[in-house]
Amino acid sequence: QAQLVESGGGSVQAGGSLRLSCATSGDTHGNYCMGWFRQAPGKEREGVAAIDSDGTTRYADDVRGRFTISQDDAKNTLYLQMNSLKPEDSGMYYCAAEPYCSDSDYDLLDLSEYNYWGQGTQVTVSS
């Protein structure tokens, strides 16, 4: 069973950047898919970016070109580099993981595909 801990959230002005980190521990063997999801107040949680064990990435349309997902296997850490931030990017950002998963069989941006979740880190973008 994997444990996930997010960090790196904060408050920035529009146009700024943040880098989120998700440290993983526990049973992290197997072909994991990893994803970032966000939830704004009063809205449903939505997929932002995801990556499978082969390095295939998926991005939501509204973040493509601004956000970059990456992972450092040696550090067991997932990252989300967020540039050109907008107020609508604000929300709680969650890291998620699912073992024995690949892009060919899963919808990587569908939160129902993931069984392991972190507690979240808050991102606030002011105009």
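In this structure the side chain of S25 never reaches within 4.5 angstrom of the side chain of L4, judged on heavy atoms. Two residues are said to be in side-chain contact when any heavy atoms from C-beta on lie closer than 4.5 Å; D107 and E113 meet this criterion. Put simply, the side chain of L20 reaches to within 4.5 Å of the side chain of T121, judged on heavy atoms. Residues Y106 and E98 meet the side-chain proximity criterion, which asks for heavy atoms closer than 4.5 Å. Using a 4.5 Å cut-off on side-chain heavy atoms (C-beta onward), E6 and Y93 make no contact. V123 places a side-chain heavy atom less than 4.5 Å from the side chain of L18. Side-chain contact check for K86 versus D62: every heavy-atom pair is 4.5 Å or farther apart.
Here the closest heavy-atom approach between residue A97 and residue Y32 is recorded as CB-CD2, 3.7 Å. Residue P87 comes nearest to S126 through the heavy atom pair CG-C, 4.4 Å, listed as atom of the first residue, atom of the second, then distance. Of all heavy-atom pairs between S102 and C33, the closest is N-SG, 3.6 Å.
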message: As a quick check of understanding, evaluate side chain to side chain contact (heavy atoms under 4.5 Å, CB included) for L111 and W117, giving each step before the final call.
response: CA-CA 10 Å; L111 62 91; W117 292 84; 3.7 Å; yes

- request: Test M92 against R38 for side chain to side chain contact (heavy atoms under 4.5 Å, CB included), laying out the working first.
  value: CA-CA 5 Å; M92 187 70 77; R38 69 185 176 198; over 6 Å; no

message: Set out, in order, the CA-CA distance, both residues' side-chain angles and the distance that settles side chain to side chain contact (heavy atoms under 4.5 Å, CB included) for W36 and C95, then state yes or no.
response: CA-CA 5 Å; W36 286 100; C95 172; 4.0 Å; yes

- prompt: side chain to side chain contact (heavy atoms under 4.5 Å, CB included) between Y116 and T24: does it pass, once the steps are laid out?
  reply: CA-CA 10 Å; Y116 300 104; T24 66; over 6 Å; no

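Taken together through direct or relayed side-chain contacts under 4.5 Å among Ile, Leu, Val, Met, Phe, Trp and Tyr, V48 and M34 form part of one hydrophobic cluster.
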All N/O donor-acceptor pairs, side-chain side in residues 77-84, below 3.5 Å, sequence neighbours left out:
from	atom 1	to	atom 2	distance (Å)
T77	OG1	K75	O	2.9
Q81	NE2	N83	OD1	2.9
N83	OD1	S17	OG	2.9

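D105 contributes atom CG, which lies 10.0 Å from atom CG of L108 (distance to the nearest 0.5 angstrom). Put simply, OG on S53 and CD on Q71 are 8.0 Å apart, with the number rounded to the nearest 0.5 Å.
Judged by distance alone, the side chain of Y59 and the main-chain N or O of I69 form a donor-acceptor pair under 3.5 Å.
Checked for salt-bridge contact, D61 and R66 miss the test: no charged N lies under 4.0 Å from a carboxylate O. A salt bridge between R58 and D52 is absent, with no side-chain N of the basic residue lying under 4.0 Å from a carboxylate O of the acidic one.
The number of heavy atoms from other shown groups lying within 6.0 Å of CD (E88) is above 12.
Aromatic pair F37/Y114: centroids less than 6.0 angstrom apart.
The closest side-chain donor-acceptor pair between S112 and D110 falls under 3.5 angstrom.
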